[in-house]
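The next block holds one structure in the form of structure tokens; read it before the comments.
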Number of protein chains: 2
Amino acid sequence: MTRNRKTARATKIPDVVIDRLPLYARCLALLQSRRQEVVSSTELASMSRVTPAQIRKDLSYFGRFGKQGRGYNVGQLLGELWRILGLNRDWRLALIGVGKVGRAILEYDGFASEGFHVVQAFDVDHQMVGQKLVSVTIRHVSELEQRLLKDPVDIGIVAVPAVEAQAVVDALVRCGVKAILNYAPLRPHRPPDVELRQIDPVLALQSMTFYLKALKGPAKRR
Amino acid sequence: MTRNRKTARATKIPDVVIDRLPLYARCLALLQSRRQEVVSSTELASMSRVTPAQIRKDLSYFGRFGKQGRGYNVGQLLGELWRILGLNRDWRLALIGVGKVGRAILEYDGFASEGFHVVQAFDVDHQMVGQKLVSVTIRHVSELEQRLLKDPVDIGIVAVPAVEAQAVVDALVRCGVKAILNYAPLRPHRPPDVELRQIDPVLALQSMTFYLKALKGPAKRR
DNA sequence: ATCTGTGAATTGATTCACAGCC
DNA sequence: GGCTGTGAATCAATTCACAGAT
């Protein structure tokens, strides 16, 4: 494990920086699949829609991965980012709520291909309990804590209606889950050491309409 | 239309502020459904997980909606936010890509209930063309521009594989679409006057693993 | 007594610009 | 000549703190 010294290890790394790293990793993976060996911050910038200076500064929090006059080695930088983000291992997830959204998540193959495996699934609907969907047997949500304590997961995915989301988050927290991906349209309370990310397409739509409103009318012909 | 004077109309309103407004609107709607008439910035803060000062400052970009010593009238403030965001009308959407993700979007009823109606749907798969899903007939993507120019929409939803996403975005832009919700795992280029929001759960997961990695092992029992 | 609205102060993030290396 | 890594400078967002309204 080649550890780069002279690096600002002490500095608290801003969350926004962490949020951008997976984006860089994705671009690098694309470059790697094209057999490109070297990339400059400028090229990476045009792919990721981030400025070159920002990319360089972001990376500098973790080490000195580039070569002056040349750029970054694609494979090596990708490896570093994987290491930093912990992407070179699999992660176990529990899904709570197997309604429309939950089912789409289970059937979506974009998670597993990146190492995120839904290994447990829960729902309130007794009809669904016992059904097997994509190699996961659905259990009743009342068994959640018991099963999660016995067979822990790293990340919880909340896909229940808004009114139930807080209770589910609380249960996950009690089970020691430290990261939650929430699809419910509500921002749940949780302890500061529990990471939370919201997936909220309606909020996204509702903020875009602000800018549309300014325009004359509904989508005009050119 | 009561227009509040003395307001900083000239100031460019930061995008982050716009992004928070729908969140406030949602909290207010919840309060309204509970028949609560008045709310303070502090109470709204605990619901939305934003600080009271930030809420007050955000709102101050648009007017003076509160009463000192009392707070905000729930119904009135909600009305103002609807007006500001353009939520008191319906919006027409086109969905491109009716695979797993696209189908989930079509079947999800959380869009329509907020006034966002998918009125057109496209896919490359000829098998799907002609099928009717949730009151929308799927058309072939080659007809996209023709149909969108004839029957314009306000917002495009991109739910195609990453490799095709840029071409779809380009086509939407040519049709005059000024707002795009993108589910493809890639940040497409677009002109500066076209709003774009990403829905990217994998990126969200990948940034959370950074914080998990620091912890001892996979979710431990307490 | 309470709570808003807002300049001022602060904190945080981004960009600049250039020394140093390839 | 080209490109990284990084302090310094700039720009942006958040928080403070209090005057003023009810």
Side-chain angles (χ1 to χ4, degrees), chain A residues 3-21 23-24 27-28 31 36-74 76-78 80-81 84 207, chain B residues 3-21 23-24 27-28 31 36-74 76-78 80-81 84 207:
Chain A
R3 193 56 75 78
N4 223 315
R5 272 295 113 231
K6 201 180 265 184
T7 303
R9 283 278 158 195
T11 323
K12 206 293 191 189
I13 295 151
D15 291 352
V16 278
V17 172
I18 306 300
D19 287 343
R20 281 190 293 262
L21 298 185
L23 190 60
Y24 304 152
C27 295
L28 288 163
L31 290 170
Q36 184 172 330
E37 294 203 353
V38 170
V39 67
S40 68
S41 59
T42 310
E43 189 178 3
L44 206 48
S46 91
M47 292 179 76
S48 61
R49 331 261 50 223
V50 172
T51 65
Q54 184 136 75
I55 292 175
R56 295 202 301 276
K57 170 130 301 191
D58 285 353
L59 296 176
S60 78
Y61 282 101
F62 302 95
R64 296 144 43 44
F65 306 126
K67 287 217 195 328
Q68 281 113 326
R70 210 168 126 70
Y72 301 89
N73 177 291
V74 171
Q76 186 222 315
L77 183 53
L78 183 54
E80 294 285 359
L81 288 176
I84 293 163
S207 66
Chain B
R3 192 57 74 77
N4 222 315
R5 273 294 115 229
K6 200 182 263 184
T7 303
R9 283 277 159 197
T11 323
K12 207 292 191 188
I13 295 152
D15 290 353
V16 279
V17 172
I18 306 300
D19 288 344
R20 280 189 293 262
L21 298 185
L23 191 60
Y24 304 154
C27 295
L28 289 164
L31 290 170
Q36 183 171 331
E37 293 203 355
V38 169
V39 66
S40 68
S41 60
T42 309
E43 188 178 4
L44 205 47
S46 90
M47 291 179 77
S48 60
R49 331 260 50 223
V50 171
T51 64
Q54 183 136 75
I55 292 175
R56 296 201 302 274
K57 172 133 294 194
D58 285 353
L59 295 176
S60 77
Y61 281 101
F62 301 96
R64 300 149 33 48
F65 306 126
K67 289 218 194 328
Q68 280 115 325
R70 210 167 127 71
Y72 302 89
N73 178 291
V74 171
Q76 186 222 317
L77 183 55
L78 184 54
E80 294 285 358
L81 289 177
I84 292 164
S207 66

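The analysis underlying the following values was restricted to heavy atoms, covering all of them including side chains, and did not include hydrogens, waters or symmetry mates.
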Please list, chain by chain and in numerical order, all residues satisfying side chain to side chain donor-acceptor pair (under 3.5 Å) with B:R49, sequence neighbours excluded.
-> A:H189

B:M47 and B:C27: which non-hydrogen atoms are nearest, and at how many Å?
-> CE-O, 3.6 Å

With a 4.5 Å heavy-atom cut-off, do B:Y72 and B:R56 have their side chains touching?
-> yes

Answer whether the closest heavy-atom distance between the side chains of B:Y24 and B:V39 falls below 4.5 Å.
-> no

Between atom OH in B:Y72 and atom P in D:dA21, what is the gap in whole Å?
-> 16 Å

Taking CZ from A:R64 and P from D:dG7, how many angstroms apart are they, rounded to a whole number?
-> 11 Å

Between atom CZ in A:F62 and atom C1' in D:dT4, what is the gap in whole Å?
-> 17 Å

Can you name the nearest heavy-atom pair linking A:L44 to A:I55, along with the distance?
-> C-CD1, 3.7 Å

A correct 5'-to-3' footprint of nucleotides 13-22 of chain C, with B, S and - meaning base, sugar-phosphate only and no protein heavy atom under 4.0 Å, is SSB-B--BBS

Closest heavy-atom contact between B:V74 and B:L28?
-> CG1-O, 3.5 Å

Using whole Å, report how far CG of A:L44 lies from P of D:dC3.
-> 13 Å

Can you tell me the distance, in whole Å, between the CZ atom of B:R49 and the C1' atom of D:dT15?
-> 17 Å

Residue A:Q36 excluded, over 12 heavy atoms near CD under 6.0 Å = yes

Whole angstrom value for the distance that separates P of D:dT4 from CG of A:N73 | 13 Å

Tell me, please, which residues at least two apart from B:Q68 pass side chain to side chain donor-acceptor pair (under 3.5 Å).
-> none

Would you work out how much the helix from C:dA1-D:dT22 to C:dC22-D:dG1 bends between its ends, with each end axis defined by five base pairs, to 10 degrees?
-> 10°

Nucleic acid contacts - residues 36-43 of chain B versus DNA chain C, non-hydrogen atoms under 4.0 Å | B:S40, B:S41

Contacts of B:R20 meeting salt bridge (Lys or Arg N to Asp or Glu O under 4.0 Å) (sequence neighbours excluded), chain-then-number -> B:D58

Whole-Å distance separating the CD1 atom of A:I55 from the P atom of D:dC3 = 14 Å

How far apart are the closest heavy atoms of A:L59 and A:F65, and which atoms are they?
-> O-CE1, 3.8 Å

Would you say the side chain of B:L31 lies within less than 4.5 Å of the side chain of B:L78, judging by non-hydrogen atoms?
-> no

